[in-house]
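This report concerns only the one structure given below.
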Amino acid sequence: MERRRLVLLLGAAVLLVGAVTVLRSTSEGPEPVRQGPRQTEPRQLERFSTSGAILPVAQAPPAAVSVLSVEPGPRQLLLRWGDSLSDGVVPPGAAGYEVRWGKGKALEHTRLVSRSLVQIGGLDNGAEYRVEVRTVDAFGQRSAPVGGSGRPEPYPLREPWSYVDAFDDPRTIADNWRLNQRGSCGTAMPGGGEEAGQLVIVGNCGNEPATLRPRTPFRLAQTPQRNGELGRAIVETDGPGTAQQFTIDLVPGPADLVLGTVKEVEGSTKPTEAVEDQSLPPGTVRLRATAFGDSGAAQLLVPPGTPRSATVIDRRSVPATLPPMPISVRQRWEVVVYADRVEVLRDKQPVAAANIVVNWREATVLLGFTGRGSGQTRSTVDLVGFLGAPTAPPQPSVQPRLNWSQDDRREPLERPVNGRQLDQYSGGQLRFTLLSRGTVRLEQMTVRVGTVRVPVRMAVPGTEIVTGVGFPVVADLPKDALVVTGDLNTLNVVVEYEGPLEVMQAGIEVFPEPGARVEPPATQSSRPLVRRTPPLLAEPRAELLDASARPLVPGKTLTPGRVVLAVELDGPAAQVAAGELAPLAGLEVLVDNERVARLPTAEQGPGVAGRWRFGLSTTELPFGPHTVEVRAIGVNPSTPPAQAFVSFLLGPA
């Protein structure tokens, strides 16, 4: 339709892009993508434009990476270049990078990324691997390759560990670890392929955390070392780069889930002070590592009333902010407890500290992975270890399947029909996270399990019940309560309380009799493995500017004339979700659902991300509202397009 024709402004495009030529359409057909039978062949975009349209033209290829560092790890290689090195810079023209690797001389694996720090996993220890990195610009042009090589090697466990798990044996995961969350939104499983030798945490919990708990308690030494250290909890994980928030909680009691209410805002962190959070049980110490777009942060949180020492923490001892959290890259986090303070190290560098004094000698460690609000969060854990007093996991046990409910009545006690006594256990402990909606009297709450009714107590004595805040409680079960039904060993549990209360999470620990042989149920429940998220396209953003490239006033009615459409594809956002980027075939621009421009971005190979600007004339459009849509199109037909929209209102001068 003639009224929808867009006339792109050559002068504005030259001013903003620097080098743009007039390109007439090389394809007048309406179909923008060539596809093979049943859309199995890679997509290839052809240049297309309406009459008078101007498309940007690629200039010189981007600069090559100046230095490539290859650091070996257990079944892994860590590649660094550009600004991930202390003296490195981003290569001119870089919109992303193509990383290739393989055993020996072969380069059979390829990954597209947006940042200059990549971890390659699932490798064979001791084997020689060749790697290669090329810079990719906004049009898919490649730089010359920069190569290197490395040999993965086992993790050197040199520390005097009181407990350590490097997840080398998948059979021990079910024995030594528990995953808890509000509802059933997460899984923990041994990794495979590139995640072999790791524990994989997958959550679709929105803003709620999936919380991993080692069954092994963390114990402090009775006598501090010369520097005052009592013990430290060490976690190696990519959690802070993939989850919105990663936490390490030290809780002096049998808790499975601690939610927390204090939320961090970018720029609000004070890494040499401990923030008070009334939702934390007494004595709890929480490390919160947060990922923002261009920065990260580490903060210690404690409940009100936590003792403080007279020690003064030098603000210059830790950085005010952290660089962006690396995506899908292992980091080492250490929470170190001293007699007069608590410190946090990331990759052995101090990042937070506070003059906190703990008054306990044993704590439960909880690792929390909080999602980004929507979509799947996938994090990996490579190692968890403790330094301090001797400790060990309890005897392996198989948890009964919990079928729990709430009731405001106290029903008669009844033995389950066809119930079976779990003779191999001496008793158990139910663990709940409760949410109060008003005044709660814990002494009036009971738990009914078959022919047994037991009271409920705080997991950590002295915990304050705050309306709208979750708090952990426990109920101790005698042997007679462990009567299960069905092939899955189901234990029916009823929380009896008349009042404004919600059970957010329920779990159980059972205690084997000494020397008892613990057998799994005849039929074990199973759920399909959660596959890795397929690579995603970089997220597009679109903005309308005036002819001088200045932002337009929001909500202001535009008069016919000249505007600029600025488009940017944000690689890190998509890489956080999938670990790598899907190959980009190109962009399409539509106005009011009619295609006006098509720009291929795969001149020497698939694109990754980039920035582009188009000058537009609105003089041919009718008065009223209009919508501009930008579509990022993937090379793989199965990759869904990524879209961005910008609207404007056109009126008379």
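Positions are given from 1 along the sequence.
Here L501 contributes atom CG and L434 contributes atom CG; the two are 5.0 Å apart, rounded to the nearest 0.5 Å. Atoms CG and CG, from L383 and L157 in turn, are 6.5 Å apart once rounded to the nearest 0.5 Å. The structure places OG1 of T490 at 15.0 Å from CH2 of W404, a figure rounded to the nearest 0.5 Å. If you take OG1 on T211 and CG on D249, they are separated by 7.5 Å, rounding to the nearest 0.5 Å. Taking CG of L491 as the start and CG of L430 as the end, the distance is 7.0 Å to the nearest 0.5 Å. For the atom pair Q575 CD and D570 CG, the distance stands at 10.5 Å (nearest 0.5 Å).
With contacts defined as side-chain heavy-atom distances shorter than 4.5 Å, the pair T311/Y338 does not qualify. Between I201 and L199, the closest side-chain pair of non-hydrogen atoms falls below 4.5 Å. Counting heavy atoms from C-beta outward, R378 and V200 have side chains that approach closer than 4.5 Å. Residues E334 and K348 meet the side-chain proximity criterion, which asks for heavy atoms closer than 4.5 Å. For the pair T380/Q119, no side-chain contact is recorded, criterion being any heavy-atom separation below 4.5 Å from C-beta on. Within the 4.5 Å cutoff, no side-chain heavy atoms of D314 are placed close to those of T272. At least one side-chain heavy atom of P281 sits under 4.5 Å from a side-chain heavy atom of P472. Side-chain contact between F432 and V493 is present, with heavy atoms from C-beta onward closer than 4.5 Å.
When each of Q429, R215, R431 is tested with E509 by the rule side-chain hydrogen bond (donor to acceptor under 3.5 Å, both in side chains), just one qualifies, namely R215. Just one residue in the list Q181, R182, Q505, E502 forms a side-chain hydrogen bond (donor to acceptor under 3.5 Å, both in side chains) with T433, and that residue is Q505.
No hydrogens or angles considered: a donor-acceptor pair under 3.5 Å links the side chains of Q76 and D382. Between R410 and T446, the side chains place a donor N or O and an acceptor N or O closer than 3.5 Å (distance only, hydrogens not considered). A donor and an acceptor atom, one from each side chain of T242 and S379, are located under 3.5 Å apart. The closest side-chain donor-acceptor pair between N355 and S309, if any, does not fall under 3.5 angstrom. Under the 3.5 Å distance criterion, with hydrogens and angles disregarded, no donor-acceptor pair is assigned to the side chains of R330 and Q198. Checked by atom type, the side-chain pair S116/D83 shows a donor-acceptor distance below 3.5 Å.
When all heavy atoms of G186 and L179 are compared, the pair lying nearest together is C-CD2, 3.6 Å. Nearest heavy atoms, V384 versus V235: CG2-CG1, 4.3 Å. Of all heavy-atom pairs between A642 and P540, the closest is CB-CD, 3.4 Å. Here the closest heavy-atom approach between residue P252 and residue P282 is recorded as CG-O, 3.2 Å. Taking every heavy atom of both residues into account, A392 and P217 meet most closely at O-CD, 3.8 Å. Residue L212 comes nearest to A188 through the heavy atom pair CD1-CB, 4.4 Å, listed as atom of the first residue, atom of the second, then distance.
Salt-bridge annotation for E159 and R332: present, with a side-chain N of the basic residue lying under 4.0 Å from a carboxylate O of the acidic one. Using a 4.0 Å cut-off between charged side-chain N and carboxylate O, E411 and R453 make no salt bridge. Electrostatic pairing of R80 and E71 counts as a salt bridge here, judged by a charged N lying under 4.0 Å from a carboxylate O.
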Test side-chain contact (heavy atoms from CB on, under 4.5 Å) on L250 and T284; report intermediate values, then the result. CA-CA 6 Å; L250 308 180; T284 298; 6.0 Å; no
Between V251 and V460, does a side-chain contact (heavy atoms from CB on, under 4.5 Å) hold up when you go through it step by step? CA-CA 8 Å; V251 186; V460 181; 3.9 Å; yes
Does V398 form a side-chain contact (heavy atoms from CB on, under 4.5 Å) with Y425? I'd like the steps, not just the answer. CA-CA 10 Å; V398 178; Y425 299 110; 3.9 Å; yes
Checking side-chain contact (heavy atoms from CB on, under 4.5 Å) for the pair L367/T237: CA distance, chi angles, key distance, verdict? CA-CA 10 Å; L367 311 181; T237 176; over 6 Å; no
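No donor-acceptor distance shorter than 3.5 angstrom exists from the side chain of Y497 to the backbone of L442, with no hydrogens or angles considered. For T467 (side chain) and S436 (main-chain N/O), no donor-acceptor pair under 3.5 Å exists by modelled atom type.
Each ring pair (Phe, Tyr, Trp, His ring centres under 6.0 Å) pair with one or both residues in residues 365-393, not counting sequence neighbours, appears once here: Y163-F386, F218-F386, F246-F369.
Qualifying side chain to side chain contact (heavy atoms under 4.5 Å, CB included) partners for A196, counting only residues two or more places apart in sequence or in other chains: R75.
Counting non-hydrogen atoms of neighbouring residues, nucleotides and ligands closer than 6.0 angstrom, the CZ atom of R315 reaches no more than 12 such neighbours. By the 6.0 Å contact criterion, CD on Q278 is open, its count of non-hydrogen atoms from other residues, nucleotides or ligands being 12 or less. By the 6.0 Å contact criterion, CD on E498 is open, its count of non-hydrogen atoms from other residues, nucleotides or ligands being 12 or less.
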